[in-house]
Structures are given as structure tokens and as C-alpha cells.
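Sequential numbering from 1 along the given sequence is applied to the chain's residues.
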Amino acid sequence: MIYVIPAAAGLIVGFILHLLFVKVAGSKSIDAANKMKNDAEREAERLLREARVTAKSDVLKIKEDFENEMKERRREIQSSERRLAQKEENLDRKADSFESKVRNLERKERDIDALKDRLSAREEEMKKAIARQIDELERITELDRESAKNLLLDKLKGEVENECGILIRNIVDEAKQKAERESQRLLVHAIQRYAGECTYERTTATIPLPSDEMKGRIIGREGRNIRALEAATGVNILIDDTPEAVVISCFDPIRKEIARRLLEKLISDGRIHPTRIEDLIKKIRKEIDEEVFDAGEKAVLDCGVQGVPKPIINLLGRLQFRFSFSQNVLKHSIETAAFMGAIAAELGLDEQKARRIGLFHDIGKAVDHEVEGTHAAIGADILRKHNEAKDVVNAVAAHHEEVEGTSIYAALANACDALSASRPGARSETTELYLKRLEQLENIANEFAGVESCFALQAGREIRVVVQPEKITEAQAQVLSRDICCRIEKEMNYPGQIKVTVIRETRSVEYAK
């Protein structure tokens, strides 16, 4: 108990002291809080004053910006109002102008209507005046309207024919000049590029003999040698009174060449008998076959043509023994290929194809004595069997206009074929064919009405036609020359071109007495 009381007393004292301490500390805290409150209130008042100042300045700035913006808006509105006012003023002026134009148009329409009325009245007056004049003319001329119309038409017809003839002549002359210049340029260029020889070869079947004694040896005992020769070669050997010469006759140029070589070797060797003939004929045929292939191959290489089958090469080689009016057909084919290639290059065509057609165009002549038909059709069939292109086959078939050409190569083949055949020295005709051509040329011209006489000149290259001036006018003379040209082109075959000259001459003759 003694210890409990002091302890309790100690607790009470401690509690009292604690209360006192808490009270003292609370009073200090209150003072500090009041001080902080006062400081906060002063700071809040300061911040409030600053905020009010800032707010006022912002309000003033916003107000100033707003006023500036409103001033700018007012200026824009005023400018727009001025532009609208100006546009309205322009529209008013345009409206006034449009109304003025409408009034003018209405006035012009009224004037036009009035003019129409006056013209209608005038037209009626003119019709009546024309009718009176026509009646007066009929009375004076004693011709009715239909007769006068026919008379006038006849006069106009003559004038129109005259003007038509003059127009045709001018157009034809101009076209001829242009075509001649261009064709001359192309042909000269082609010929210059080819630069071939202008000489021609003549084939002959006459074999010269060292003496007339050789004729008997060729005939042999009871004709056995000549029979062996003819049987081995397939030719006819003619031995007549011609001194120191024998003649070989055969339509096949290969057989003719074999016979010619065989006779030359037999004559130079001197040993002529059937066994010798048989031995030599085999060697000569082998030589000819090799020469034929070599000639065809050389022609193909010279023309630059590729992919040619061997049978075609052999046929080309056979053409070196074929002649047309004394012109070698193989050389003619090579010339034609060269001309076609040069002109095709100038025209922008396929030069390789053009050369191929030119080289093959007369290939049918190699076998035309064995196959029925023209050499153009035969050549086309041969090329078709060897799978040549369609335009190549058509150009070969159409180069003499026996069929219709389907491409420009057909016309080019026709032109270059004639060019090679008609150049100076290319071909020579027999006298009979030459005279027949001249006679046919003059007969064609004499068949036309109004022709007084005609003359073929310059080896058939020109025909001059003299007409009766009282029957043929100047305009009709131009038409007549064209008609004669058309007849010649249609009915005759000739190399190159034929010039037709129509001469109309009026002479006035008087005698002084």
C-alpha cells in the first residue's frame, strides 16, 4: 500500500503536468495558426489584386482585338457593297444595251419583212417580164421553148467538151511530168546500182567443120553415126549444102547444148563411131548437170537469196541455156532481181522478197517445153509445190498480167521484167515479128474515126497520127491520143513504151492571080 499511494500520486502529478504541457503547446499552435491565417489572407488579397489587374488588361486587349476585327469586317463589307453596287450598275448598263439590241433586231426584222415583200413583188414582175421576153423571142426566132433549149444545150455541150479536153490535157501533162520524174529517178538509181553489161548473147545451133569431108564422117556408113548421135542426144542434125557447117535443131536447150558439145569433141578428136558417142555423152551429161547446178547456185548467191531448195537451183541453172529473143533468160532473171531489189529498197519494201521474186519470175521457162501452159503459170505451180510464200507465187503468176496481182510486188515484177527486156541491147526480134508489130500498131490507129494517116517510127517506139482538122477539134485530139494508148496497151505486147502523137493542122491556101 505504501508503494501504491506514491505511485498513484506520481501518476496524478504526471497527468497534471501533461495537461499543463498540452495546454501551453495548444496556445502556441493557435498563435502560429492565426499568424499563418493572417499571412494567407494577405497573400490571397495580393494575388486577388494581381489577378484583377491581369484580368482587366486581358479584357482590354480582347476588347481592342475585337474592335480591330470589327473594323476590318466593316471595311470588307463596305468593299463588297461597293463591288456589288458596281456590278449592279454594269448589269443595268448591259440590260439597257440588250434592250437596245432587241429593239434594233425587231426593227431589222420589220425591215427584212418589208424587203421580202418588195422582193416578192419584184420577182413576180421579173417572171412576167421574162415570160413576155420569151414570147417575143419565140415570135422573132420562130422557135419554141424546147427547140431553143436543145440549141442552147448543144452549144453548151461543145463548150464543155472543149474545156473538158483542155482540162484532161493539163491534168495528164502534169501527172506525166510528176510520174516521169519519179520513175526516172527510181529506174536510173536501179540501173546505176546494177551496172550490168548492155551486150546480149546470141544462141546458135551451127557447128563449124574443118572441111566438108567431116560431113561424111558424121553421117557414117549407111548413116549409123548420125543415127547414133540423134538417138543419144534427142536432137535433129541437119546436114545440107552449107559449106563446112552442120545445124543442130531441138526445142530443148539442154539437149541442144549437149549435142553441140558432143559434136565439137567428136570433130576435134576425129574418132566418130557409136561406141565413142556413148562414152562421151555420159561424160558431157555429167558436166552439164554440174554446170547447171553451179550456175543456179551462183545466181542465188549473186542475188543474195537464201533458203532456195536444190530442185529450184537446178531449174535456175537450166535457164542459162534458154534464150528469149536472143536474151539469156538466167541473166535476164538476175537483172530483174537486181532491179526489183534496188527499187524495193527505194520504196521501203522487203528487198529480200523482191529479189527472190525477180530471180524466180521466169523459172517456168526451164520446163515450159515439157509442161502445158504459160511459163508464168508453170513457174507459179513449181514455187507453190516447194512451199514458197503466197505473195511470191502470186507475183510470179501475175508478172504478165495473166492473173490479178494481190500485192505491189506483182506490179514491180512486171515493170522490172519489162525494164530488163527493153533496155538497149537486151533483146532482138526477128524481122517477121518486127514487121507484124509495126503493122498492128498502124492498124490500131487507122481504125479511129477522123484519122487521115499514121506512121510508126523509131522501130515501133512512136506512132504519129495525122487527123482531119475539120472533124477532130483540139480537145478531141487529146482524147483521141488517150484512146489510142488504151487500145495499144490492151491489144499489143511490146517492150518499153510507145509514144502516141496526134497531129492536127489547118492550112489556109490562097492563090494570087
Side-chain angles (χ1 to χ4, degrees), residues 196 201 203 205 232-235 248 250-262 264-265 278 280-338 340-341 352-397 399-400 409 413 416-417 420-421:
E201 296 183 8
T203 182
T233 58
V235 302
I248 298 174
C250 181
F251 61 87
D252 189 335
I254 301 293
R255 294 209 299 263
K256 186 185 293 183
E257 178 65 16
I258 292 173
R260 185 184 68 81
R261 295 190 184 187
L262 177 61
E264 288 178 350
K265 287 189 176 183
E278 291 178 2
L280 286 178
I281 198 70
K282 294 178 181 178
K283 294 180 181 179
I284 294 174
R285 282 176 176 167
K286 185 177 180 181
E287 292 175 0
I288 291 292
D289 290 340
E290 292 176 355
E291 288 183 14
V292 163
F293 187 82
D294 291 343
E297 192 173 31
K298 184 177 183 300
V300 170
L301 293 175
D302 290 343
C303 294
V305 179
Q306 300 174 355
V308 181
K310 287 186 177 181
I312 300 294
I313 294 177
N314 277 319
L315 291 176
L316 286 173
R318 295 183 67 177
L319 294 178
Q320 73 171 333
F321 300 109
R322 175 68 189 268
F323 292 83
S324 179
F325 292 108
S326 76
Q327 185 182 33
N328 186 279
V329 177
L330 181 59
K331 289 187 177 181
H332 163 66
S333 299
I334 295 172
E335 280 186 9
T336 305
M340 286 189 67
Q352 178 69 216
K353 182 180 292 184
R355 287 178 175 273
R356 194 178 194 90
I357 293 170
L359 183 62
F360 293 164
H361 81 284
D362 273 347
I363 198 169
K365 289 185 177 180
V367 293
D368 61 350
H369 56 280
E370 302 173 0
V371 182
E372 291 291 333
T374 63
H375 73 273
I378 296 171
D381 291 338
I382 293 172
L383 296 177
R384 193 179 294 110
K385 291 177 182 178
H386 288 86
N387 301 320
E388 284 290 335
K390 291 183 179 180
D391 49 355
V392 176
V393 175
N394 174 261
V396 171
H399 80 275
H400 282 311
Y409 294 100
C416 293
D417 178 40
S420 174

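Taking CD1 of I313 as the reference point, atom CG of L301 lies at 8.0 Å (rounded to 0.5 Å). Distance CD/E335 to CG/L330: 10.5 Å, rounded to 0.5 Å. To the nearest 0.5 angstrom, R384 atom CZ is 9.0 Å from N394 atom CG. Rounded to the nearest 0.5 angstrom, L359 CG and M340 CE are separated by 10.5 Å. With rounding to the nearest 0.5 angstrom, the CG atom of N328 is 8.0 Å from the CG atom of L319.
Side-chain atoms of E297 do not come within 3.5 Å of backbone N or O of G317 as any donor-acceptor pair. Between the R322 side chain and the K365 main chain, a donor and an acceptor come within less than 3.5 Å of each other. R356 places a side-chain N or O within 3.5 Å of a backbone atom of Q306 that can act as its donor or acceptor partner.
The nearest pair of heavy atoms linking I357 to A413 is CG2-CB, 4.0 Å. Considering every non-hydrogen atom in both V292 and R318, the closest pair reads CG1-N, 3.6 Å. Shortest non-hydrogen contact noted between I288 and E257 is CD1-CG, 3.8 Å. Nearest approach of A366 to L315, heavy atoms of both residues: CB-O, 3.5 Å. Nearest approach of G379 to V396, heavy atoms of both residues: C-CG1, 4.1 Å. Between G296 and L316, the shortest heavy-atom distance links the atoms CA-CB, 4.1 Å.
Contact annotation: the side chain of D289 never approaches that of N314 to less than 4.5 Å [non-hydrogen atoms, C-beta and beyond]. The shortest distance between side-chain heavy atoms of E290 and K286 falls below 4.5 Å. No side-chain heavy atom of K390 sits less than 4.5 Å from a side-chain heavy atom of V393. Within the 4.5 Å cutoff, the side chain of I382 has no heavy atoms near those of the F360 side chain. K265 places a side-chain heavy atom less than 4.5 Å from the side chain of I284. Using a 4.5 Å heavy-atom cutoff, the side chains of H400 and T374 are not in contact.
Of the residues listed (K331, H361, R355, H399), the one engaging T336 in a side-chain contact (heavy atoms from CB on, under 4.5 Å) is H361, and it is the only one.
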Exercise for the section: Could you check K298 against D294 for side chain to side chain contact (heavy atoms under 4.5 Å, CB included), going step by step and ending with a plain yes or no? Expected result: CA-CA 6 Å; K298 184 177 183 300; D294 291 343; over 6 Å; no
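Using a cut-off of 4.0 Å between Lys/Arg side-chain N and Asp/Glu carboxylate O, E264 and R260 are scored as salt-bridged.
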